[in-house]
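Reviewing the structure listed below.
Note that the structure is predicted; figures quoted are calculated from it, not measured.
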Amino acid sequence: MILKLALNGLKKKQRDYAILFTGLIISIAVFYMFLTLSLNKEFILQNSVINNIQLVFLVGTVMLSVITFFYLFYTNSFLLSLKKKEYGLYELIGAKKLQIRRVFQIETMAITGISLIIGLILGIILSRVVSWLLMNQLNIGFTQFKVVYLPAVFWTVIYFLVTSFITSSIHNLWLAKISIIELLRSEIQNDLLPEKPKNAALMIFLGLFLLAIGYVALYFMETLRFIGLFTAPIATTLGTYVLFVALLPIIVRKWKRNKKVNFKGINSFTSGQLNFRLSSLKWVLATIALLIALSAGAIAGGFAFKNDAFTSIDEHWQYDATLYNPGAAEMAVLDSIPVEEQLTYRMKLDDEFIYLVQDELNAAPPLIRDMVTYEVVRPDPLPEELEIEDGSQIVSDQWFTALYAINPALEGTRSTRIVPLEEYELAEGEEISIVLARTADFSAHIEEWQKLDELQMDIYPDLVTGFDPETDSVATKYAQFKTQYAIASGTFFMGFFLGLAFLTMMASILMFKILSGANNDIRRYDSLRKLGVRRRVLENSLSREIFIVFLFPGILGLLHVFVGMRMFTFIMDEPYYRLWVSILIFLAIYGGYYFFTVHLYRKIVLPKQ
């Protein structure tokens, strides 16, 4: 009987449950995708590049699990509010509290189970798509990658079932304490008259002051560092809550007092509705504003980190290719690239020194980034004689940087000697040629740089002692870029899908918080219809009311994003890179939930005749 009651309850509320748990399904899919990419042992062992981003997806999994716990807590609370009257009727006809609690537990676990099935299927598809995109970007194969990875399935199922059981058990304890009268009268709610907050002006000033502190900490994060990391989130969060609590009722009250606007049409009704709604939702709206900042910021941060892999590598490496003893194959690849500058140097190696020709270096000094001015320059000409101190040749800081740019693979393995041509000719050891090449756009020739690195794998074992082609990488710009780009790509996908999951969960919370008060509005809209107000006018009023509710957290959340991205200026070059894409994604999801909320609200309060 208990199972039958639970299944009947699911069937009657299936539309509400399906919409509410959209966020849960997205969360399950993203959670499984993160685990698949971070736990695939054989895949990670066969692809050293992926090993660099394993931690990124594990961090994303932890962040998503924390947010999901609170989302499940809220959804179970909402489910309980939907079924209170029904549970009261069960108790009225003789059902015991323990039986009612079992019905609620079965319903919530069944919904979680159904969401897990749908979410895992979506997660498998998502894992396939994301892994394909990731491998495509990193130019590596799908060696040993398993889209259906049983350990990831196991931990996804365990986490969501345990979390659902814990959150539903907590609400079951609340259900046990609710009297039958409270259950039966759960749909009969009197709207409390919104009160003007005490010391409203002081609270508004305090909210603005806290936000200003938070924004200053975000803007000057590079200078404040650890102080800013603690100050910014605390001040911004407190400022957001204080501002919503104090300012929203004031805004609506000012609007109501504007007779020119308020007496037009049924605007007085709309402002009255907003007065009650914003007063009851102010805490939720403040939370939504913070979640918007978190989700849109995660997507924007992902784009910025990915772009930074290109900009940062150009800052540290002025030459795109460094070739040792290039053969015909390497030169053929290099000739296919529009090179802006190509330099060639000779060197000799013995057991103690690396010898370079002073005349060649002075004739064609390489480009470097000066460590003092941070400008791209060529080092000043070397003096005719270089002093030697403690066995090391003394050169300027610029030439110290230039020597690493010329010979990154062997720098540090031996002392370097810059000598005249006559002395160079007398030195022992095999002569090695070094070719440096620079193009106008490193990112436009990624495949060519990769090909050159693969060809150089045959040279490095004879050049570098202990070099293993299976595990080691060559000392080139592309090799370092590949590692940085792998981490950046992982961060991009983590930020994008975390933001997507957060946005979906956040918007569904706001939607159902609004819909939870729809039953109380039925009689109000019905009274207006009986008084002769046209349905179209009522629909427009409803749309404006919900639009304003969505608008306030949306504006402040986006403002948090605009200011908050400034904090990344000390770790990346362009933190606002493609921020407009993040804004469009946010508007698409947030706007979609707005129109869907309006549609559902109309069906409840304005049923068809």
_Is it true that, when you exclude Phe400 itself, more than 12 heavy atoms of the residues, nucleotides or ligands shown sit nearer than 6.0 Å to its CZ?_
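Not buried by this count: 12 neighbours or fewer within 6.0 Å.
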*Could you tell me whether Leu421 atom CG has more than 12 heavy atoms of other residues or ligands within 6.0 Å of it?*
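Above 12, so yes.
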Distance-only, no hydrogens or angles: does the [X] side chain make a donor-acceptor pair with backbone N or O of [Y] under 3.5 Å?
{"X": "Asn362", "Y": "Pro381", "value": "no"}
{"X": "Glu360", "Y": "Arg346", "value": "yes"}
{"X": "Tyr32", "Y": "Tyr149", "value": "yes"}
{"X": "Ser508", "Y": "Met505", "value": "yes"}
{"X": "Arg414", "Y": "Ile354", "value": "no"}

*Check the side chains of Gln358 and Tyr424 for a donor-acceptor pair under 3.5 angstrom, ignoring hydrogens and angles.*
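No pair is found: no donor N or O on one side chain lies under 3.5 Å from an acceptor on the other.
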*asked:* Taking ring-ring contact (aromatic ring centres under 6.0 Å, His included) as the cut-off, I'd like each qualifying pair that reaches into residues 451-473, sequence neighbours left out, listed once.
replied: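 Listed by first then second residue: Tyr324-Tyr460, Tyr460-Phe467.
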_Phe552/Phe244 aromatic ring centres below 6.0 Å_ =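 They do not qualify: ring centres at least 6.0 Å apart.
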*Scan for salt bridge (Lys or Arg N to Asp or Glu O under 4.0 Å) pairs involving residues 307-325, sequence neighbours excluded, and state none if there are none.*
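Non-adjacent pairs meeting salt bridge (Lys or Arg N to Asp or Glu O under 4.0 Å): Asp314-Lys477, Asp320-Lys477.
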*State which residue, out of Tyr577, Trp580, Tyr576, Phe492, fulfils the ring-ring contact (aromatic ring centres under 6.0 Å, His included) condition with Phe303.*
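Answer to the ring-ring contact (aromatic ring centres under 6.0 Å, His included) test with Phe303 among Tyr577, Trp580, Tyr576, Phe492: Phe492.
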*Is any side-chain heavy atom of Asn407 less than 4.5 Å from a side-chain heavy atom of Tyr345?*
no
*For Phe481 and Ala309, which heavy atoms make the closest approach, and how far apart are they?*
CD1-O, 3.8 Å
*asked:* Taking side-chain contact (heavy atoms from CB on, under 4.5 Å) as the definition, give me every residue that meets it alongside Leu356, ordered by chain and number, with sequence neighbours left out.
replied: Met347, Leu361, Leu403, Thr416
